[in-house]
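Everything below concerns the one structure shown next.
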Amino acid sequence: MPEPEPRPDQAVVEVRAVSVNRGDLSLLGMLPPGSRLGFDVAGTVVRAAADGSGPPSGTRVAGVAERDGWGERVALSAARLAPLPDGVEWTDAAAVPVAGLTALYALRNAGSLLGRRVLVTGASGGVGRIAVQLARASGAEVSAWAGSAERLKGLAELGAAEAATYEAGPGVTQPVHVLVDSVGGEVFRSAYQLVGQRGVVVCYGNTTRSDLSLPFDWGHARPGVRIRYLHLFDEMPRRPVGEDLGVLLRLVAEGALDPQVTLVGDWSDPDPVLRGVGDRQVNGKAVLVF
């Protein structure tokens, strides 16, 4: 690829690590050959934004690329960058942007979580594991659902009071105030029936690629329930992305948030990492280092 030609509001970053999201893999079958991929980037600013916004040259940063982050150098909007606190490794930094911001914005839809019960489906993935931690740190009692016992490993240590597979049954004894769902299909339908009155439901994905189905009495039996679909890239134009990313990275530096990087590979041989993510063999995040 040619050297990036940044807009005035973009910095050029020399990339040290990128993370692989399932959304990246979904795009593989939709884009023509020669297309670029990648949203999560961690690296060093080698050319500051010409308009003076964003961090100066030499700053270690993490950020969200415009679907072109998998490269040795990339131009990134200064508004989507955050400096890395001391002690944050490249791999952890690369794992945070998309997963962390999605989890953060999903939970913010629910308002205060102190003393509330939160159910997270798809809890074994990158977003789910961060959502469990953020909800628990906010004072919520968290229940986590995943597809298998193997995928549930580590969720209790992250703060889940209850953890169950989809087939094993609810594992939830009281109505929940907040449902964060990424699965869709029958999992969503079952989880929705646990939501109490005036609850909040946030859907940020649909891994089953099924139509969302609500119980026939969904409105009458649960008055006041709010249902919201969250797509990160629709949210970003109206959010302080750099500031929010900075909050998440500070939590990582303080040891209060674990990005759960469980698979690391070299960018020159990405096949094992891409297959691991595609085959759902990764509990947490997968990262390629440069």
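Index from 1, following the sequence. The model shown is predicted, which means the values in this text are computed figures rather than measured ones.
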Tell me, with the steps shown, if V180 and T121 meet side chain to side chain contact (heavy atoms under 4.5 Å, CB included). CA-CA 6 Å; V180 178; T121 71; over 6 Å; no
Just do the side chain to side chain contact (heavy atoms under 4.5 Å, CB included) check on S19 and N21 with the steps written out, would you? CA-CA 6 Å; S19 83; N21 298 294; 4.0 Å; yes
What verdict does the side-chain hydrogen bond (donor to acceptor under 3.5 Å, both in side chains) test give for N206 and T208, after you've listed the backbone C-alpha separation in whole Å, the side-chain angles of each residue and the deciding distance to 0.1 Å? CA-CA 5 Å; N206 189 333; T208 62; 3.1 Å; yes
V15/E72 under side chain to side chain contact (heavy atoms under 4.5 Å, CB included): CA gap, chis, key distance, verdict: CA-CA 5 Å; V15 179; E72 293 173 284; 5.8 Å; no
Could you walk me through whether R108 and D244 pass the side chain to side chain contact (heavy atoms under 4.5 Å, CB included) test, one step at a time? CA-CA 11 Å; R108 280 186 176 170; D244 291 334; 3.1 Å; yes
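Counting only heavy atoms from C-beta outward, the side chains of V183 and F188 never approach each other to under 4.5 Å. For the pair L134/L248, a side-chain contact is recorded, criterion being any heavy-atom separation below 4.5 Å from C-beta on. Two residues are said to be in side-chain contact when any heavy atoms from C-beta on lie closer than 4.5 Å; V12 and V74 fail this criterion. Contact annotation: the side chain of L76 never approaches that of Q10 to less than 4.5 Å [non-hydrogen atoms, C-beta and beyond]. A heavy-atom distance below 4.5 Å is not found between the side chains of L232 and L230. Looking only at side-chain heavy atoms (C-beta outward), V201 and D181 stay at 4.5 Å or farther from each other.
Summarising the local packing, CZ of R16 is surrounded by 12 or fewer heavy atoms from other residues, nucleotides or ligands at distances under 6.0 Å. The number of heavy atoms from other shown groups lying within 6.0 Å of CG (D234) is above 12.
Interatomic distance, CG of L179 versus CD of Q193, reported as 11.5 Å (0.5 Å rounding). Note that the CG atom of D68 and the OG atom of S35 stand 11.5 Å from one another [nearest 0.5 Å]. Rounding to the nearest 0.5 angstrom, the gap separating the CG atom in L31 from the CG atom in D24 is 10.5 Å. A distance of 12.5 Å separates OG of S210 from CZ of R189, quoted to the nearest 0.5 Å. Distance check, rounded to the nearest 0.5 Å: CZ of F290 to CH2 of W267 gives 6.0 Å. Here I130 contributes atom CD1 and T102 contributes atom OG1; the two are 9.0 Å apart, rounded to the nearest 0.5 Å.
Taken together through direct or relayed side-chain contacts under 4.5 Å among Ile, Leu, Val, Met, Phe, Trp and Tyr, L158 and V176 form parts of separate hydrophobic clusters. Linking Ile, Leu, Val, Met, Phe, Trp and Tyr residues whenever their side-chain heavy atoms come within less than 4.5 Å places V118 and L152 in a single cluster. Both V96 and Y204 are part of a single hydrophobic cluster, where members link through side-chain heavy atoms under 4.5 Å apart. In the hydrophobic cluster analysis, where Ile, Leu, Val, Met, Phe, Trp and Tyr join through side-chain heavy atoms closer than 4.5 angstrom, V120 is grouped together with V98. Grouping the Ile, Leu, Val, Met, Phe, Trp and Tyr side chains by contacts below 4.5 angstrom, directly or via other members, places V264 apart from L288.
Looking at D269, its side chain never comes within 3.5 Å of a backbone N or O of G265 through a donor-acceptor pair. Using a distance-only test at 3.5 Å, with no hydrogens or angles considered, no donor-acceptor pair links the side chain of E243 to the main chain of P240. A donor-acceptor pair under 3.5 Å links the side-chain atoms of Q133 to the main chain of R129, judged by distance alone. A donor-acceptor distance shorter than 3.5 angstrom exists from the side chain of T262 to the backbone of N283, with no hydrogens or angles considered. For the pair Y166 (side chain) and G122 (backbone), a donor-acceptor distance under 3.5 Å is present. Listed for the D266 side chain is a donor-acceptor partner under 3.5 Å among the backbone atoms of S268. A donor-acceptor contact shorter than 3.5 Å is absent between the side chain of D279 and the backbone of Q281. Between the H177 side chain and the R117 main chain, a donor and an acceptor come within less than 3.5 Å of each other. Counting only distance, with no hydrogens or angles, the side chain of R22 and the backbone of V277 share a donor-acceptor pair below 3.5 Å.
With sequence neighbours excluded, no residue forms a side chain to side chain donor-acceptor pair (under 3.5 Å) with E141. Among residues two or more places apart in sequence or in another chain, the salt bridge (Lys or Arg N to Asp or Glu O under 4.0 Å) test is passed with R209 by none. Under the rule for a salt bridge (Lys or Arg N to Asp or Glu O under 4.0 Å), R67 has no partner lying at least two apart in sequence or in another chain. E150 meets the side chain to side chain donor-acceptor pair (under 3.5 Å) test with K153; sequence neighbours excluded.
Shown here for V142 and R136, the closest heavy-atom pair between the two residues is CG2-N, 3.7 Å. A pairwise comparison of heavy atoms in A135 and L107 identifies N-CD1, 3.7 Å as the closest pair. Contact between P4 and A75 at its shortest, heavy atoms only, is CB-N, 3.9 Å. The two atoms that bring K285 and P259 nearest to each other are CG-O, 3.5 Å, heavy atoms only. Across all non-hydrogen atoms, the minimal contact from V64 to P97 is CG2-CB, 3.7 Å. Pairing each heavy atom of G276 with each of L263, the nearest pair is CA-CD2, 4.5 Å.
Between R228 and E235, at least one side-chain N (NZ, or NE/NH1/NH2) sits under 4.0 Å from a carboxylate O, which counts as a salt bridge. Under 4.0 Å is where a charged nitrogen must lie from a carboxylate oxygen, and between R36 and E66 no such pair does.
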I'd like a table of donor-acceptor pairs (distance under 3.5 Å, sequence neighbours excluded) in which one partner is a side-chain atom from residues 77-92, with atom names and distances.
residue: S77; atom: OG; partner: A79; partner atom: N; Å: 3.3

Hey, can you pull the donor-acceptor pairs under 3.5 Å for the side chains in residues 41-48, sequence neighbours left out?
none

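Across L25, V282, V287, a single residue satisfies side-chain contact (heavy atoms from CB on, under 4.5 Å) together with V20, and that is L25.
When ring centroids are compared, F39 and F233 come within the 6.0 Å threshold.
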